[in-house]
Amino acid sequence: MGKYKIVVLTTGQKNSAQQKYNLVTRHKINADIKIYKTTGGELYSVEVGPYSERKRVLQDIDKIKGIGIPNAFITNA
């Protein structure tokens, strides 16, 4: 199991999550949309990973930021 993942976007809008997912996967980065249930409704999180190697996660975060998603961040998986 990996130690890291990249969070591309977390939003309450399914359409926004789908658009970011499409953008990331169009650039050959495997992503998933995770749905989290909250008391305020559903949150949609576009996530990449998990990664076990720090080198690989750093390469992909740079690639994601380079395609116009500056707020993506790395977190522990």
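Computed from heavy atoms alone, side chains included, the values below leave out hydrogens, waters and symmetry copies.
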(Q) For Arg56, give me all partners under salt bridge (Lys or Arg N to Asp or Glu O under 4.0 Å), at least two apart in sequence or on another chain. (A) Asp60

Q.
Just to verify, what does Lys37 make a salt bridge (Lys or Arg N to Asp or Glu O under 4.0 Å) with, not counting sequence neighbours?
A. Glu42

Q | Where at least one partner belongs to residues 62-77, residue pairs that pass salt bridge (Lys or Arg N to Asp or Glu O under 4.0 Å), sequence neighbours excluded | A | none

(Q) Just so I know, are the side chains of Tyr4 and Asn76 near enough to count as touching, which here means a heavy-atom distance under 4.5 Å? (A) yes

Q) Quick one: does Ile74's side chain get under 4.5 Å of Leu58's, heavy atoms only? A) yes

**Q.** With Gln13 via side chain to side chain contact (heavy atoms under 4.5 Å, CB included) - residues at least two apart
**A.** Thr11, Ser16

Atom pair [atom1]/[atom2] of [X] and [Y] - distance to nearest 0.5 Å:
X: Phe73; Y: Ile6; atom1: CZ; atom2: CD1; result: 10.5 Å
X: Leu9; Y: Ser45; atom1: CG; atom2: OG; result: 7.5 Å
X: Ile35; Y: Lys14; atom1: CD1; atom2: NZ; result: 6.0 Å
X: Glu47; Y: Lys5; atom1: CD; atom2: NZ; result: 3.5 Å
X: Thr10; Y: Leu43; atom1: OG1; atom2: CG; result: 7.0 Å

Q) If you take all heavy atoms of Ile64 and Ala72, which pair is closest and at what distance? A) CG2-CB, 3.7 Å

Q. Of the non-hydrogen atoms in Gly2 and Ala77, which two are nearest, and what is the gap between them?
A. O-CB, 3.6 Å

Q) Val7, Ile67: one ILVMFWY side-chain cluster at the under-4.5 Å cut-off? A) no

(Q) If you count every heavy atom of other residues, nucleotides or ligands that lies below 6.0 Å from Gln59 atom CD, does the total exceed 12? (A) yes

Tell me which donor-acceptor pairs under 3.5 Å the side chains of residues 20-31 have, and how far apart each pair is, sequence neighbours excluded?
residue	atom	partner	partner atom	Å
Asn22	OD1	Gln18	NE2	3.0
Asn22	ND2	Gln18	O	3.3
Thr25	OG1	Tyr21	O	2.9
Thr25	OG1	Asn22	O	3.3
His27	ND1	Leu23	O	3.0

